[in-house]
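Not measured: the values here are computed from a predicted model. Sequence lines set the chain letters: A, B, ... in the order given, protein chains first and strands last, and positions in each chain run from 1.
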Amino acid sequence: MPLSKTYNASEYEDSVYKQWEESGAFNPDSADRGAKPFSIAMPPPNATGTLHIGHSMMLVLQDLMIRYHRMIGDKTLWLPGTDHASIATQNKVEKMLAKEGRTRHELGREQFIAHVETYVAESRARIRTQIRKVGASCDWSRERYTLDKGLSRAVNEVFVRMYNDGLIYRDYRMVNWCPRCHSTLSDDEVKYKPETTKFYYFKFGPVIIGTARPETKFQDKTIVVHPDDPRYKDLIGKEFMTEWIEGPISAHVIADPIVDQTFGTGAMTITPAHSFEDFDLAKKYHRPVVKIIDEDGNLTKEAGDFAGKNARESREAIIEKLKAKGVVDHIDEQYQHNLSVCYRCDTPVEPLPSLQWFVNVNAPTPRGKKSLKELMRTAVESKRITIIPHRFEKIYYHWIDNLRDWCISRQIWFGHQLPVYYCKKEKGGCGETVVSADKPDFCQKCKKETLIQDEDTFDTWFSSGLWTFSTLGWPDAAEEKAGKVKKTGDLATFHPTSVMETGYDILFFWVARMILMSEYVLGEEPFRTVYLHGLVLDIEGKKMSKTKEETLIDPLDVIPKYGADALRASMVVGVTPGNDLRLNEEKIASYRNFVNKLWNIGRYIIEFSEKEPASSSAKQGLSTADAWIISRLNVVVEEVTTHIKQYRFSQAAEALRSYTWDELADWYVECAKVEGGKRPILFSLLRAVLALWHPFIPFVTEVLYQQYREAAKDLLDEKTEQPPLLITHPWPHVQKKYTDKKAEEDFTLIRTIIQAIRNARVENGISASQKIQAVLYSPARSELLQTHEPHLKRLASLDFVTIIDKGDRPSNAIFLKIADVEVYLPLGLMRIEEEKTKIAKQLAETQSQIESLRARLADQQFLAKAPKNIVKKEQEHLAELQDKITHLQEQQEKFTA
RNA sequence: GGACAAUUAGCUCAGUUGGUUAGAGCGUACGGUUCACAUCCGUAAGGUCGCAGGUUCGAAUCCUGCAUUGUCCACCA
């Protein structure tokens, strides 16, 4: 069946993917035994629903690298999976429950989890199909899920190790609390939103204090001032009674340099339970920590009349009460500050003290006594890990320097429960805390069966931090003896992984945590290179969101409409690492057009190129055009390969695009039509071009390749290796023997002549269909011109070409000069004046160029300091320009003559 | 408050270590039914590379300052 005039992506994509999958090509076990391993752990999408355009970005870039490495013969593993994403998933399911008017508490923990798991199973199935739609060639046989048995065991194992190494502790400390999620958050999970709010000034005994959060201040009894502040010097150490929200209280004044004298009144009260700094201050001065706000965001009994009410909502009422007492000094209505909110639900975060589990990032680990912070830092500093683009390395260091202990316990039901067991005194136990990877039957200390597991689950990033090695079989696949880790199986083959490709937005959340975990657990980096891509934004540079349908690009809409290849190309071409991509549908449509162009190049070669070699060209071997296009192919193979190796995917695609379109299609194919009998060459060019394009646009290239292979049967002998699928086709290699600079120069000359004639035609208003005559004069190149007479005729629409190497040249003709070839287009006397003006303009331009060049070449400094090849180039250029002047002048004379 | 980045054609963006005439796609203008492709072909127009200094024989590229935009981090009651 003949191929259709336009490429219909949706007709082929699913079946092509199936072919790949069934061929076993995705599985690295099918690679040669001694092949070099290359591996990528796919960032596991959250098991919360559907893939968005950001996921396409990562899939496309990773698939590109994976396919390239598979083609160069590496043992290539791309391991897919999904993340249970504790808070995000729980939130989503809770929202769904809320629509039915139910809460997770009504269901109870066990039922709720079962409910979530059902949802996750559906969601994961959906994600799998979506990943396939993009064309991702990942090894499904190794797919993992963060709640898999093996991965859960890894989580417990790491926790126990860290606990035993003194890196994990439980403490009553300030945490970020989301009253809506009802859980702690790590520092990184808190976002800041600028806000204009009221700032209140209160008369508090002898001073005036300022606060934005009066609802936290019920039990404030300590005033802090700066020791050097002259305003308050005499007050330090004094005690006094003052009227306050719930009646008179006794307060006293202390001094600490932490106070900023320029902020507010320079005097503040300590709110130990609801501010990180105040909590530290309270500890320092042994002040009691009294909780004013509880885990629901409500005021505690310490708030007297306000007890039980929502803290934030009570603010105004509290102010009214204080106003009535005459305690309010004044209110600043325009106070600018940042409100901390939960990154998952945007609810304002309450800092409050709580008993939680933490990872100590400063304590020495068994890995060379370095702290986790130091381990993270060294991995990058030592260049064992390279981050692309490099500027993110600085950002990474800065983050490490500011890092505080990591709160890892969450009051979420969905996730890995902490492997911590308490011997409950209430049940007659001894109160011991037991940390154990496997659930113990009885308390190790009192031997009673009174153990209750900690209700909390892990921060989801704790488990995803293990992703690169937990997915490869750790802990079973590793043994540690005297600080040396011995790896087996996949872990030995594929870890450290080669590349971590992900968005820069999760550098801290995830990339840093993976480095922490791998360095601590295995003493090696989780990956050698981190490639960070940017965000996909709408065309206005704003985040895409479901509420803005007009700018939202959904891969699942776009793929059926334009094809996965078009989407893929739009994620790669013109995109650089770490920079955001502004995307609209038009852009994708333009890449659809490009894919279609490639389709038609292939279609022409496969279906229309003549079978029989023309007798003349067959005898003479390669024509100039042949030698040129083959030589150029070599250059392009080298360029594309280098660019991909250096992670410059956009430039790789650009070089290929230019070769395929501007050279192969526009010139070589046209020349082949003139010369005839080019089928073998066209076929081998097509094969190489399809292979080079395959990592970028795998579907259309695979379809064309299979068509080509079918069509080329008569040309292929048994020995020539032609794998049935392009996905396993070897990457084209550079063959120096085909480099032919002479052919490149010769062909460029012919091409330039044709372009110059076309240009002159348009400028002189000659319609494309109208054939004209040309006289070409060149004593030096007449043979080359003679050979290419048919090319000139066809591609420049000439009906008569005269090539002369001596004698008179026509006058009153359009005159063109290309290198040492003179072209005359005798068009009569139609546009003499225009021609004259044009020549005069060109003369002037060339003159000024010559002048600046002469000046440069006369400059002794330049001659002395610039590299010789640059000087030489400049001299050559000058000679060329002078040559041009001479000819322009000749031309001018011809017209005036 | 600190840091990072961006600023190049009307729009979206490339431009590897400083080297001459700064590129692409889209858009625009003009012209095309030659049998692969109108999702196409041909030709062209369009840029003092944000501004001001500096280094250099030579700067879009390196340095300093400024402006605008964006992002991240910190956060003070």
Side-chain angles (χ1 to χ4, degrees), chain A residues 3 5-7 187-188 192 199 209-213 216-217 220 224 258-260 262-271 275-278 281 337-338 340 389 391-392 394-395 398-399 401-402 504-505 507-508 534-535 539 541 562 566 570 573-576 578-584 586-587 589-609 642-643 646 648 650-651 654 657-658 665-666 669 673 755 758-763 765-769 794-795 797 849 852-853 856 859-867 869-871 873-874 877-878:
Chain A
L3 299 173
K5 277 176 86 167
T6 50
Y7 171 62
D187 293 341
D188 293 297
Y192 297 93
F199 194 77
I209 57 153
T211 182
R213 296 209 60 195
T216 64
K217 302 217 154 291
D220 283 17
V224 195
I258 198 167
V259 175
D260 178 356
T262 63
F263 188 86
T265 58
M268 67 176 205
T269 58
I270 306 183
T271 310
S275 150
F276 281 84
E277 287 207 333
D278 291 10
L281 268 178
H337 80 144
N338 284 322
S340 21
R391 63 187 147 91
F392 283 98
K394 270 187 236 168
I395 299 174
H398 184 249
W399 176 81
D401 293 340
N402 285 299
Y504 66 73
D505 51 331
L507 177 63
F508 307 140
L535 306 172
I539 202 67
Y562 299 102
S570 67
V573 186
V575 181
T576 38
N579 289 335
D580 298 342
L581 164 65
R582 292 184 184 201
L583 192 65
N584 60 5
E586 271 172 53
K587 234 183 215 181
S590 78
Y591 290 111
R592 184 266 322 263
N593 296 355
F594 170 72
V595 168
N596 188 58
K597 177 72 180 180
L598 185 64
W599 172 258
N600 271 295
I601 294 169
R603 189 165 79 99
Y604 171 75
I605 294 175
I606 292 162
E607 293 188 345
F608 297 88
S609 60
T642 312
H643 285 316
Q646 310 281 327
R648 297 190 296 254
S650 175
Q651 286 182 69
E654 186 49 43
R657 190 206 61 76
S658 153
D666 288 352
V669 167
K673 287 177 186 170
Q755 284 172 323
R758 283 174 177 172
N759 177 351
R761 292 174 56 107
V762 172
E763 276 191 358
I766 297 155
S767 83
S769 50
R794 174 163 174 150
L795 299 181
S797 284
Q849 277 177 24
S852 72
L853 249 185
R856 190 172 306 151
D859 186 343
Q860 289 308 313
Q861 297 260 30
F862 173 73
L863 293 175
K865 291 189 179 174
N869 60 322
I870 297 292
V871 177
K873 264 191 186 173
E874 295 281 42
H877 189 211
L878 180 65

For B:C37, does the base pair up with any side-chain atom of A:Lys597 as donor and acceptor (N or O, under 3.5 Å, distance only)? yes

A:Glu586 CD: over 12 foreign heavy atoms closer than 6.0 Å: no

Which part of the nucleic acid does A:Gln646 contact within heavy-atom distance under 4.0 Å: base, sugar-phosphate only, or nothing? nothing

Ignoring backbone atoms, test whether A:Thr576 places a side-chain nitrogen or oxygen under 4.0 Å from the OP1 or OP2 oxygen of B:A14. yes

Just to confirm, is there a sub-4.0 Å distance from OP1 or OP2 of B:G15 to any side-chain nitrogen or oxygen of A:Gln651? yes

Check whether the side chain of A:Arg758 and the base of B:U43 form a donor-acceptor pair under 3.5 Å. no

Among B:U16, B:G42, B:A77, the one nearest A:Phe263 by side-chain distance: B:A77

Starting the side chain at C-beta, find the nucleotide from B:A77, B:A5, B:C75 nearest to A:Arg391. B:A5

Would you say the base of B:C75 and the side-chain of A:Asn338 have a donor-acceptor pair closer than 3.5 Å? yes

Using a 4.0 Å heavy-atom cut-off, does A:Ser658 contact any base of the nucleic acid, only the sugar-phosphate backbone, or nothing at all? nothing

Which nucleotide sits closest to the side chain of A:Phe199: B:C41, B:G15, B:A77? B:A77

Between B:A36, B:A14, B:A74, which one does the side chain of A:Ser650 approach most closely? B:A14

Ring-plane angle category for A:Tyr7 and A:Trp599, please: parallel below 30°, perpendicular beyond 60°, tilted otherwise. tilted

Counting only side-chain nitrogens and oxygens, does A:Tyr7 get under 4.0 Å of the OP1 or OP2 atom of B:U39? no

Determine whether a donor-acceptor pair (one donor, one acceptor, N or O, separation below 3.5 Å) exists between the side chain of A:Lys5 and the base of B:A38. no

Gap between atoms CG and P, on A:Asp505 and B:C73 respectively (whole Å): 11 Å

How long is the line joining CG of A:Asn579 and C1' of B:A6, in whole Å? 8 Å

Please confirm whether any donor atom in the side chain of A:Arg582 sits under 3.5 Å from an acceptor in the base of B:U12, or the reverse. no

Using a 4.0 Å heavy-atom cut-off to protein, can you give one letter per nucleotide of nucleotides 22-32 of chain B, 5' to 3': B if the base is in contact, S if only the sugar-phosphate is, - if neither? --SSS------

Provide the distance between the two P atoms, one in B:C4 and one in B:C63, to the nearest whole Å. 11 Å

Find which nucleotide of RNA chain B each of A:Gly264 and A:Asn600 is nearest to by heavy atoms, and output the residue with the more 5' nucleotide. A:Asn600

When the C1' atoms of B:G23 and B:C49 are compared, how many Å lie between them, rounded to an integer? 12 Å

Where each residue is assigned the nucleotide of RNA chain B containing its nearest heavy atom, which of A:Phe508 and A:Ala589 is assigned the position nearer the 5′ end? A:Ala589

Let's see if you can work this out: which of B:A44, B:G42, B:G19 has an atom nearest to the side-chain heavy atoms of A:Asp666? B:G42

B:G27 and B:C11, which share atom name P, separated by this distance in whole Å: 15 Å

Under the 3.5 Å Watson-Crick or G-U criterion, the dot-bracket string of RNA chain B, with | for inter-strand pairs: (((((((..((((.....[...)))).(((((.......))))).....(((((..]....))))))))))))....

Remember a base hit wins even if backbone is also touched, and classify A:His398 as base, sugar-phosphate or nothing at under 4.0 Å, heavy atoms. sugar-phosphate

Can you check the distance between B:U71 and B:G65, where both ends of the measurement are the C1' atom (answer in whole Å)? 23 Å

P atoms of B:C57 and B:G46, separation to the nearest Å: 34 Å

